[in-house]
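Lettering follows sequence order; numbering is per chain, from 1.
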Amino acid sequence: MSKTLFDKVWDSHVVKHIEKGPDVLFIDRHLVHEVTSPVAFLGLKNRNIKVMYPEHTFATADHNTPTRNQHLPVKDKLSANQLKALEENSKAHNIPYWGLGHEKNGIVHVIGPENGITLPGATIVCGDSHTSTHGAFGAIAFGIGTSEVEMVLSTQCIMQPKAKSMRINIDGDLNIGVTPKDVALYIISKLTTSGATGYFVEYSGKVFRDMSMEGRMTVCNLSIEMGARGGMIAPDEKTFEYIKGREYTPKGAEWDKAMAYWKTLYSDKDAIFDSELFFNASEIEPMITYGTNPGMGIGIKNGIPQAETVEGGNATYKKSLAYMAFNEGEAMIGKPIDFVFLGSCTNGRIEDFRAFASIVKGRKKADNVTAWLVPGSHRVEESIQEEGILDILQEAGFELREPGCSACLAMNDDKIPAGKYAVSTSNRNFEGRQGPGSRTLLASPLVAAAAAITGKVTDPRELMQVEAV
Amino acid sequence: MAYDKFNILKSSAVPLPIENVDTDQIIPARFLKATERKGFGDNLFRDWRYNQDDTPKEQFVLNNPIYKGKILVGGKNFGSGSSREHAAWAVYDYGFRCVISSFFADIFRNNCLNVGVLPVQVSPEFLDSIFKAIEKKPNTELEVDLSLQKITIVDTEENENFVINAYKKENMLNGFDDIDYLLNIKKDIEAFAANTPL
């Protein structure tokens, strides 16, 4: 029988199928961070059991960590307490822990791929919804709750019904200035934040084939924002090239064996999806959000939609615009902004910093803008220095912070003040997401850079060095 | 973690007729710093419920004494966003045992089922009937019968059946959690792992 990519990976991990119930799904890789794990470890302690496969469990500190002076003790007592708990729990259960200061430390979804933990055909979970990022490698990867973290720690399994399948096809070539972030925000604006709920999405077509691995990660990362459990892209030569030689990647004969399996990981020609959607690359413009969920995005040159043209609740829509202090019909271009945040598991990788630098090079940061540039990991930070990007940023008046989730969810001190506008490369523009009362405009690193230079929402194409045709 | 068994719940309900209520509203990230599952109910809907100086926002429904009960009724796409189980803990800890909506985000629904909060998905029309009934009479009682998979507006006897998978239903009726099940089949899991290249 023909199978989708998702079927192939899921079915090969089912330990047991429960009639009229969920599947018991075996998990290959479990990523753990400080915020969603302590109660799970407490559960193990209460039952007096150990982590079943510590060698397939990896822990890092990222969500609540400061992005300055990481060599000093963490000032916030509650955060410090969570970090200490993870360190102790990791030690007690023999789990590798890459805490603050460790060379491998960084955002969990950045360091997984960097270290070869993320592999095609694997099942990967983490107590974080953006675990969908790892689907870029042809893995089934999704976020779980703390009860499920406890299940995986203690039994390496979770119990979930198999999701429905959706394929999103985009062929054609992307326009200049359109990045993977824009592709994802475009899809979410079409589907809404609940359009893919209950589905696992496969991205297919020339746009995704042409995309770099980091670009694919950005797209898969945002799958959750359309409601999907996860997203995935069939592995290809780019995938294999990316993972080859990384620390936890199979080597020698193991690599050959793995490759033989990985090359079978694609949707069969006549595989049937529960839902299939098609978009055209040429229609996608640089995107920006104007509201309080990631589905409220538009092409940057467009105006804010009128309430009556928006599907769903009028009251909810107006509440959202009131929170943002925006009005129906207004243009986004030219709106003054206060903060710029470059970073997160969505756009905190080296290509994102290269893109940002390509715009700010030789220019100066606007005086009215506070910019927080936060690399996704120490490895990203090193590349920024090695490639000379740090010099470009500093000459333009920017400084670089230390790795972590930072202002994406503002669990540390990096909080956007109430009422202020931030152009952010992160993933959620919910009310208060970046700090109580903060107002978030989600966008690509190019749009963020253009805003940082001009102090207002600006079409990045105006600042790009476009080659004469 | 064990939770109370769920069978029949008859209670008035708290209406929140807003769509896309996300987990950052249910519990903002800055309240996720505990290392124990305690006290999350105090921060349920924190920024909708309290001003920045911690005084209550009087117009918010949880601060309005005419609305109370063990059932929370929300608009479409309830619980979107993060995987934080703290959102479900906060709902449970505040005293809700059931959330009703016309559509739930996936992870939130799953988290609810794992902590003993019953997510009941109803048709948009029935959701509208519930909101209207509560608007007319704030202490309108709803009856949620898990065995029969049926929800009823008590006064009008309007009712609708809801879906829940048989395994989860059995768990909720008995207060079991998935870990008990998984620990019981650990031998099967080990056998599976032995044949899997992990």
For the residue pair [X] and [Y], what are the closest heavy atoms and their distance?
X: A/Ile224; Y: B/Gly81; value: CG1-O, 4.1 Å
X: A/Ser129; Y: B/Ser83; value: N-OG, 3.3 Å
X: A/Ala418; Y: B/Gln52; value: CB-NE2, 3.5 Å
X: B/Lys186; Y: A/Ser154; value: NZ-O, 3.3 Å
X: B/Ala34; Y: A/Gln82; value: O-NE2, 3.2 Å

- Check the pair A/Lys319, B/Ile18 against side chain to side chain contact (heavy atoms under 4.5 Å, CB included), reporting the backbone distance first and the verdict last. CA-CA 9 Å; A/Lys319 179 179 185 295; B/Ile18 297 169; 3.8 Å; yes
- Task: Please lay out, stage by stage, how B/Ile189 and A/Met52 fare under the test side chain to side chain contact (heavy atoms under 4.5 Å, CB included).
- Result: CA-CA 10 Å; B/Ile189 297 170; A/Met52 191 171 180; 3.9 Å; yes
Heavy-atom cut-off 4.5 Å, strictly under: side chain, backbone, both or neither for [X] against chain B?
X: A/Ala122; result: neither
X: A/Val24; result: side chain
X: A/Val152; result: neither
X: A/Asn81; result: both
X: A/Gln160; result: side chain
X: A/Ser12; result: backbone
X: A/Leu86; result: neither

Donor-acceptor check, side chain of [X] to backbone of [Y], threshold 3.5 angstrom: yes or no?
X: B/Gln25; Y: A/Glu431; result: yes
X: B/Glu36; Y: A/Leu42; result: no
X: A/Thr316; Y: B/Glu19; result: yes

Select, from [options], the one with the greatest count of heavy-atom pairs under 4.5 Å involving chain B.
options: A/Thr192, A/Asn412, A/Ile144, A/Asn293; result: A/Ile144
options: A/Gly227, A/Pro250, A/Gly21, A/Pro22; result: A/Pro22
options: A/Gly437, A/Pro161, A/Gly145, A/Ala163; result: A/Gly145
options: A/Asp76, A/Thr197, A/Leu78, A/Thr146; result: A/Thr146
options: A/Ser194, A/Gly432, A/Ala85; result: A/Ser194

With a sphere of 6.0 Å drawn around [atom1] of [X], does it hold more than 12 non-hydrogen atoms of other residues, nucleotides or ligands?
X: A/Lys162; atom1: NZ; answer: yes
X: B/Asp53; atom1: CG; answer: yes
X: B/Lys57; atom1: NZ; answer: yes
X: B/Lys5; atom1: NZ; answer: no
X: A/Tyr323; atom1: OH; answer: yes

So do the side chains of [X] and [Y] get within less than 4.5 Å of each other, counting heavy atoms only?
X: B/Asn165; Y: A/Lys20; answer: no
X: B/Leu182; Y: A/Gln156; answer: no
X: B/Asn114; Y: A/Met159; answer: no
X: B/Ser82; Y: A/Arg428; answer: yes
X: A/Met151; Y: B/Leu183; answer: no
X: B/Thr35; Y: A/Val39; answer: no
X: A/Lys16; Y: B/Phe192; answer: no
X: B/Tyr181; Y: A/Ile18; answer: yes

Open item on the list: Please determine whether salt bridge (charged side-chain N to carboxylate O under 4.0 Å, His left out) holds for the pair B/Arg30 and A/Asp413, giving the CA-CA distance in whole Å, both sets of side-chain angles, and the decisive distance to 0.1 Å.
Closed with: CA-CA 10 Å; B/Arg30 62 187 189 280; A/Asp413 287 339; over 6 Å; no
What's the separation between atom [atom1] in [X] and atom [atom2] in [Y], rounded to the nearest 0.5 Å?
X: B/Ile179; Y: A/Leu44; atom1: CD1; atom2: CG; result: 7.5 Å
X: B/Asp188; Y: A/Phe26; atom1: CG; atom2: CZ; result: 12.5 Å
X: A/Phe200; Y: B/Asp106; atom1: CZ; atom2: CG; result: 10.0 Å

Indicate whether any N or O donor in one side chain lies under 3.5 Å from an N or O acceptor in the other, for [X] and [Y].
X: B/Asn77; Y: A/Thr193; result: yes
X: A/Ser147; Y: B/Glu85; result: yes
X: A/Ser79; Y: B/Lys33; result: yes

Discussion item. Checking A/Thr36 against B/His86 for the side chain to side chain contact (heavy atoms under 4.5 Å, CB included) test, could you report, in this order, the C-alpha distance in whole Å, the side-chain angles of both residues, the deciding distance, and whether it holds?
Written reply: CA-CA 8 Å; A/Thr36 55; B/His86 313 68; 4.1 Å; yes
Exercise. Is it the backbone or the side chain of B/Asn20 that comes under 4.5 Å from a heavy atom of chain A, or both, or neither?
Worked result: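 Contact with chain A: side chain only.
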If you count heavy-atom pairs within less than 4.5 Å of chain A, which of B/Phe103, B/Phe31, B/Phe108 leads?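 Ranked by contacts with chain A, first place is B/Phe103.
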- Message: Please identify, among B/Asn111, B/Thr23, B/Asp178, B/Asp47, the residue contributing the most non-hydrogen atom pairs under 4.5 Å to chain A.
- Response: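 Maximum pair count with chain A is reached by B/Asp178.
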inquiry  = Does A/Val15 form a side chain to side chain contact (heavy atoms under 4.5 Å, CB included) with B/Glu190? I'd like the steps, not just the answer.
reply    = CA-CA 10 Å; A/Val15 176; B/Glu190 279 165 351; over 6 Å; no
